[in-house]
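Data first, discussion second: the structure below is written as structure tokens.
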There are 2 protein chains.
Amino acid sequence: MPSASAGTTRRTARRTGTKGVPRADREEQILDAALRELGRVGFAATSVAAVAERAGISKPLVYNYFGSKEGLYGACVDHAGDLLGDEIERIAGLGAVGIERGMLTLEGMAEVLDSRPYLWRVLFDPSAPTEGPAADAVRRATARIERIAEEGVTEMLTLAGDPDPVDHAVMTRVWLGIVDTVMRWWADHPEEPAVEVSRRARRIVGALFVDASGTLER
Amino acid sequence: MPSASAGTTRRTARRTGTKGVPRADREEQILDAALRELGRVGFAATSVAAVAERAGISKPLVYNYFGSKEGLYGACVDHAGDLLGDEIERIAGLGAVGIERGMLTLEGMAEVLDSRPYLWRVLFDPSAPTEGPAADAVRRATARIERIAEEGVTEMLTLAGDPDPVDHAVMTRVWLGIVDTVMRWWADHPEEPAVEVSRRARRIVGALFVDASGTLER
DNA sequence: CTCCGATATGACTGCGCGGTAAGTTACCAG
DNA sequence: CTGGTAACTTACCGCGCAGTCATATCGGAG
């Protein structure tokens with residue numbers, strides 16, 4: 001790779017032409033830049049130009065790789081959704097029940113999101129498109145997370161004597177809202193290590209929840 | 001007021017000139033239109049043109065009355081913040097403690113927001129300006145609500161044996177997140193009457209909380 | 001050396017937005 | 001009737017954005 005090209009700073013005109021970065025590597029760079037920008041300011045306030053600048057490339061190259069702003073966002077959603085969905089399903093597979101399962105989920109997510117708490121906002125973003133392929137990607141990714149949350153919630157509310165499915169649906173959203181709030185607080189306090197976020201979340205959720213069989217040990 | 005002007009539809013060119021609507025009345029109309037649009041899609045996705053169309057007037061008239069998009073938003077925030085803040089402080093003054101106070105708050109808010117659940121989103125909007133007079137208005141309005149929430153939360157966590165002020169701050173945000181989630185669920189289900197929202201919230205929160213002295217009656 | 005494919009850029013376009021300027025209308029007082 | 005004020009509109013502007021096009025560069029194969 002020609003070091004003369006590599007040394008060219010973005011503030012001056014760059015020579016056109018390949019920099020010799022393989023497509024897969026470049027895609028990854030663009031995705032990383034996009035995830036950070038989307039997680040920082042949300043979809044609507046993210047400009048493709050800002051992502052390009054973050055990635056150190058030209059804007060048309062982003063379009064070359066991802067087709068459109070929505071295409072870029074959809075790829076980011078798929079990426080973040082896989083990470084979070086895999087982790088949450090792994091934890092569900094551990095067999096914990098009740099609030100302990102919820103706590104393990106929070107801890108697992110804190111671990112996955114350590115050093116990149118912004119990923120959460122990519123998935124749960126009120127300014128995201130509500131129609132089209134990107135919106136479909138969001139629905140797929142969040143549905144995966146919601147399904148697991150709903151299992152846990154349904155179990156807990158049923159044990160607590162509430163069989164109403166609408167209550168269960170609202171409670172699922174409340175639980176996800178709690179997770180969302182903790183993640184947003186974390187994004188505002190990036191100095192807090194994941195392990196401390198986990199502990200704090202355990203204390204707070206512990207103050208909220210009692211499993212059906214009695215008071216949580218604290 | 002000339003009925004010929006009043007009958008002119010917005011789809012054709014309207015005669016210029018006054019329609020004889022007093023300033024205070026017109027301000028209220030514009031505010032109502034803006035609150036609905038802001039509550040529907042948030043600040044960033046709200047265009048002044050859409051508000052003007054909703055209010056049945058021309059866009060420059062909105063600027064004439066409110067100065068700028070931010071000026072309009074600030075007025076909406078003051079309006080919604082007064083309604084919600086007054087109600088929350090009234091309920092705090094009733095002297096209920098612990099989770100019962102939280103429940104009364106949820107119920108009071110459901111009542112105030114009945115028929116206009118969108119007001120919540122005007123105040124708690126991630127796409128809102130973070131600097132300038134409008135942002136100051138948001139901070140004033142939400143600080144009022146957070147102060148009351150923090151009192152309740154501090155009491156509850158302290159009774160539960162957790163004196164950590166950071167835990168209290170996060171828990172305040174979690175509580176407001178829970179309220180936010182219920183309000184957003186309600187905005188998605190406008191057919192649900194306020195009294196049913198209150199009952200449901202009581203059931204759900206009841207499944208979460210136990211006051212420091214024991215299990216809630218349900 | 002030439003050609004080709006893959007990787008890249010600068011320059012440009014059309015559109016929607018926030019906002020502005022110039023002109024209009026209705027009503028009331030003198 | 002005239003002038004002034006308050007309430008209005010149409011037409012326009014500059015800017016930033018998503019997206020496009022024409023051209024450039026590099027490296028490898030033949």
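Just so we're on the same page: letters track the sequence lines, and every chain starts at 1.
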Decide, yes or no, whether a salt bridge links [X] with [Y] under the criterion of side-chain N to carboxylate O below 4.0 Å.
X         : Y         : value
Glu150(A) : Arg147(A) : no
Asp167(A) : Arg199(B) : no
Arg101(B) : Glu151(B) : yes
Glu89(A)  : Arg144(A) : yes
Arg140(A) : Asp78(A)  : yes

Using the 3.5 Å cut-off, write out each protein N or O paired with an N or O of nucleotides 15-19 of chain C and the distance between them.
unit_1  : atom_1 : unit_2   : atom_2 : d
dG18(C) : OP1    : Thr46(B) : O      : 3.4
dG18(C) : OP1    : Lys69(B) : NZ     : 3.0
dG18(C) : OP2    : Val48(B) : N      : 3.1
dG18(C) : N7     : Lys59(B) : NZ     : 3.2
dG19(C) : OP2    : Lys69(B) : N      : 2.7
dG19(C) : N7     : Lys59(B) : NZ     : 3.1
dG19(C) : O6     : Lys59(B) : NZ     : 2.9

Give the rounded distance in Å between these two atoms: [atom1] of [X] and [atom2] of [N].
X        : N       : atom1 : atom2 : answer
Arg15(B) : dT24(C) : CZ    : P     : 12 Å
Lys19(B) : dC27(C) : NZ    : C1'   : 14 Å
Glu27(B) : dC8(D)  : CD    : P     : 11 Å
Arg23(B) : dC27(C) : CZ    : P     : 19 Å
Asp25(A) : dA8(C)  : CG    : P     : 10 Å
Gln29(B) : dA7(D)  : CD    : C1'   : 12 Å
Asn64(B) : dG23(C) : CG    : P     : 18 Å
Ile30(A) : dT7(C)  : CD1   : P     : 11 Å

message: What's Tyr65(A) touching, base or sugar-phosphate or nothing? Going by heavy atoms closer than 4.0 Å.
response: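 Result for Tyr65(A) = sugar-phosphate.
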
- prompt: Do Met109(A) and Thr105(A) have side-chain heavy atoms sitting under 4.5 Å apart?
  reply: yes

Whether Asp125(B) side chain and Phe43(B) backbone form a donor-acceptor pair below 3.5 Å: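 Checked: pair present.
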
field: Any Ser58(A) side-chain nitrogen or oxygen under 4.0 Å from OP1 or OP2 of dT9(C)
entry: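 Answer yes for this pair, as a side-chain N or O of Ser58(A) is under 4.0 Å from OP1 or OP2.
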
message: If the cut-off is 4.0 Å, is Arg26(A) near the phosphate of dA6(C), judged by side-chain N/O to OP1 or OP2?
response: no

